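Before any comments, here is the structure.
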Number of protein chains: 2
Amino acid sequence: MNQTNDKVLGILGGMGPLASAQFMVRLTLLTQANRDQEHIPAVLWSDPRVPDRIAGRAGTGPDPLPWLLRGVDGLRQAGCGAIAIPCNTAHGWYEAMANVAGVPILHIVDAAAADLRRNGMTSGTIGVMATQTTLDMRLYQDRLGEQGWTCIQPDADRMQRLVEPATALVKANRVAEAYLPLLEVVNSLGARGASAVVLGCTEIPLGILAGPASALRVPVVDTIDALARAAIQWAQSGA
Amino acid sequence: MNQTNDKVLGILGGMGPLASAQFMVRLTLLTQANRDQEHIPAVLWSDPRVPDRIAGRAGTGPDPLPWLLRGVDGLRQAGCGAIAIPCNTAHGWYEAMANVAGVPILHIVDAAAADLRRNGMTSGTIGVMATQTTLDMRLYQDRLGEQGWTCIQPDADRMQRLVEPATALVKANRVAEAYLPLLEVVNSLGARGASAVVLGCTEIPLGILAGPASALRVPVVDTIDALARAAIQWAQSGA
């Protein structure tokens, strides 16, 4: 077992649970491995009880931070050497978690930026599809802006009519129904000049994957895959 | 959050990692839920470093039991109230784990039996596809035999030529290549009189799902789905 990996990845998930399950699938399939023992050890803390991040940020629901910190602590106690969080909106509490985690937390926006570069897009206009909360927190606009990209986002009508209902459908396991509304938004951002669209809410790639990729008129960045690639890079880097 | 579930499911996984990731997907999709907070809290301990169960049982490799017990202990420390193990062969160490777990371990063969009954098959001849080790340990033959079924298994030639290479392909992420060899074995068991075939190694349903179900000439029991259903039943039962 020469290639056995001793770095254990922690995943703070459950937000939503299908997105974190898909993260585990993609982490596995994107890893070069010939047998079990060459795959990456991981602990997934899938806690869908974490209070809704959107209501928490708006002040209309309980604060999710204590739940997020409980998960971080559980992963640290399980011996994890880094943490990935396959939920974009939860990154609104990134600093509060990173301050106490004691291990690195891989940032999903940096993972998306790495995927853009990997695909040869190092500047220009990028569409960002995300929850209104993620957009309001400027998670992508500021962090991608510092790295040379300009972000555009869906208009208010498409956010309310298409993006928000589609992410709720995925959380309710009605994945196939989310495809067409999300496709319309991807292509509308392409028509407005985006050279790629970041699917910056981990429910969104699940909906997009439920239909034909050939209908997408602009390349997309799947933030589940992007975060999985960042995690594999961490796991396979020197101790 | 009236319907929030406070029972946390533990999953001892990584054997292989794709099977346990798929378990998380199916656990989510088979749960009736309208939003995150109605899904089942879970901790997945995915440790693909667990020594090979086949070599361990044969005495030609290290004993997996200490690794299995470490996972059980980690899940208990994380607060899990029951444990599911989406690996059939690991059930060869079921009693050793159950004796120290302190919480119930859902048995995958009982989950398969429940699926057979749910599909109206309460007796008769059942084909069992599994690792040679699972077959040699008589995990299915004895436990299903006690409940009224008779088990038949693939002949030695098909085990070596088809089943064993196919499970290795899945562990190496070459899932699509596993379909045809596994399909041949399912249908050969049907031709020998099996009224259903239990896919009694969690790599096998992954291969079977990679191709058209219409080519299956006999119903199959997917032990990943069966175990997920048993877990949901546990999670949603009274405290």
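Each chain gets a letter, A, B and so on, in the order its sequence line appears, and its residues count up from 1. Everything numeric in this text was worked out from a predicted model, so none of it was measured.
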When rounded to the nearest 0.5 angstrom, what distance separates [atom1] in [X] from [atom2] in [Y]?
| X | Y | atom1 | atom2 | value |
| --- | --- | --- | --- | --- |
| B:D36 | A:R49 | CG | CZ | 12.5 Å |
| A:N173 | B:E38 | CG | CD | 10.5 Å |
| A:K171 | B:N34 | NZ | CG | 13.0 Å |
| A:D47 | B:I40 | CG | CD1 | 12.5 Å |

Validation row: A:S46, B:P41 side chains within 4.5 angstrom (heavy atoms):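 Result no, sub-4.5 Å side-chain heavy-atom pair not found.
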
Beyond-backbone contact of A:V43 with B:L44, side-chain heavy atoms, under 4.5 angstrom: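 No, too far: nothing below the 4.5 Å cut-off.
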
Closest contact, heavy atoms only, A:T28 versus B:L18: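 Reported closest heavy-atom pair: CG2-N, 3.7 Å.
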
Donor-acceptor contact present, side-chain A:Q37 to main-chain B:V50, <3.5 Å: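 Yes.
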
Residues, nucleotides or ligands: over 12 heavy atoms within 6.0 Å of A:E177 CD: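 Count over threshold, so yes.
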
Most chain B-contacting option - heavy-atom pairs closer than 4.5 Å, from A:S20, A:G71, A:P48: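 Result: the option with the highest number of such pairs is A:P48.
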
Heavy-atom contact with chain B under 4.5 Å, split by part of A:R70: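 Neither part; nothing is under 4.5 Å.
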
